[in-house]
Amino acid sequence: MGKESNTQSAIVFLNHLVDHEMLSKVENRLKTITADQILNLGNIEEFIEESPYFPFPQILTSERPDRIVGNLLEGRIAILLEGEPGAIVVPITFFAFFQSPDDYSSRWLMGTFYRMLRMLSLFIAVFLPAIYVAIVSFHSEVLPKALVLIF
């Protein structure tokens with residue numbers, strides 16, 4: 001990759017698990033990169049992501065081999081670059097960012113519990129402040145007076 005840098009890259013996947021249509025998309029996007037220098041994984045990310053203005057990440061970058069292998073076992077595609085310690089994983093979903101590499105090494109029940117706890121924490125972090133503002137602004141009589149005095 002790269003006309004001047006001529007950096008070696010590799011596409012890693014498990015043939016019996018990968019979506020071959022997605023694999024051909026990734027290969028085509030990598031072939032169309034016309035940059036002079038590809039020095040790191042961030043350069044590749046800019047060229048292959050689907051929607052550059054989408055607010056959530058579409059590509060997972062990790063330096064942990066256990067996380068990359070876990071994603072390969074789920075049928076995803078990894079892109080490796082010469083001289084880089086990490087890898088890019090595509091395609092990725094929003095919920096994949098709630099997985100920890102430790103989930104793969106723990107029992108399935110505990111891994112599922114931790115993942116659900118992370119999702120519940122996101123729900124609380126997003127909606128609890130909004131609910132509090134709505135109650136304080138429009139229905140302040142619902143709150144106990146002792147709690148109002150504290151705030």
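Ser105 contributes atom OG, which lies 11.5 Å from atom CE of Met110 (distance to the nearest 0.5 angstrom). To the nearest 0.5 angstrom, Ile68 atom CD1 is 8.0 Å from Thr61 atom OG1. Taken from CZ in Phe98 to CE in Met119, the straight-line distance is 6.0 Å, to the nearest 0.5 Å.
Phe97 and Met116 are assigned to two separate hydrophobic clusters, defined by single-linkage of ILVMFWY side chains at heavy-atom distances under 4.5 Å. Cluster annotation: Leu122 and Leu117 are assigned to distinct hydrophobic clusters (Ile/Leu/Val/Met/Phe/Trp/Tyr, side-chain heavy-atom contacts under 4.5 Å, transitive). Under the 4.5 Å side-chain heavy-atom criterion for Ile, Leu, Val, Met, Phe, Trp and Tyr, Phe94 and Val89 are members of distinct hydrophobic clusters.
The ring pair (Phe, Tyr, Trp, His ring centres under 6.0 Å) contacts involving residues 15-34 comprise nothing, where partners must be two or more places apart or lie in separate chains.
The heavy-atom pair separating Leu39 from Asn43 by the smallest distance is N-OD1, 3.2 Å. Closest heavy-atom contact between Ile92 and Pro57: CG2-O, 4.2 Å. The nearest pair of heavy atoms linking Gly86 to Leu80 is O-CD2, 4.2 Å. Shortest non-hydrogen contact noted between Glu63 and Pro85 is OE2-CG, 3.8 Å.
Legend: residues meeting salt bridge (Lys or Arg N to Asp or Glu O under 4.0 Å) with Glu74, ordered by chain and number and at least two apart, are Arg76. For Phe95, there are no ring-ring contact (aromatic ring centres under 6.0 Å, His included) partners at least two apart in sequence or on another chain. Residues passing the side-chain contact (heavy atoms from CB on, under 4.5 Å) test with Tyr53, sequence neighbours excluded: none. With sequence neighbours left out, the ring-ring contact (aromatic ring centres under 6.0 Å, His included) criterion links Tyr114 to no other residue. With sequence neighbours left out, the salt bridge (Lys or Arg N to Asp or Glu O under 4.0 Å) criterion links Asp66 to Arg64. Here Ser5 pairs with Thr7 under the side-chain hydrogen bond (donor to acceptor under 3.5 Å, both in side chains) rule; sequence neighbours left out. Residues meeting the ring-ring contact (aromatic ring centres under 6.0 Å, His included) test with Phe54, sequence neighbours left out: Phe56. Not a single side-chain contact (heavy atoms from CB on, under 4.5 Å) links Glu46 to another residue, sequence neighbours left out.
Without hydrogens or angle criteria, Asn28 side chain to Lys25 main chain gives no donor-acceptor distance under 3.5 Å.
Other residues sharing a hydrophobic cluster with Ile44 under the 4.5 Å side-chain heavy-atom criterion for ILVMFWY residues are Met1, Ile11, Phe13, Val18, Met22, Leu23, Val26, Leu30, Ile33, Ile38, Leu41, Phe47, Ile48, Ile59, Ile77, Ile79, Leu81, Ile88, Val90. Hydrophobic cluster membership of Ile124, counting Ile, Leu, Val, Met, Phe, Trp and Tyr whose side-chain heavy atoms lie under 4.5 Å apart directly or via other members: Leu120, Leu128. Taking Ile, Leu, Val, Met, Phe, Trp and Tyr as hydrophobic and joining them when side-chain heavy atoms fall under 4.5 Å apart, one finds Leu109 in a cluster with Trp108.
Arg67 places a side-chain heavy atom less than 4.5 Å from the side chain of Asn71.
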Hey, mind stepping through Arg29 and Glu50 against salt bridge (charged side-chain N to carboxylate O under 4.0 Å, His left out) and telling me if it holds? CA-CA 10 Å; Arg29 287 191 184 174; Glu50 187 89 21; 2.9 Å; yes

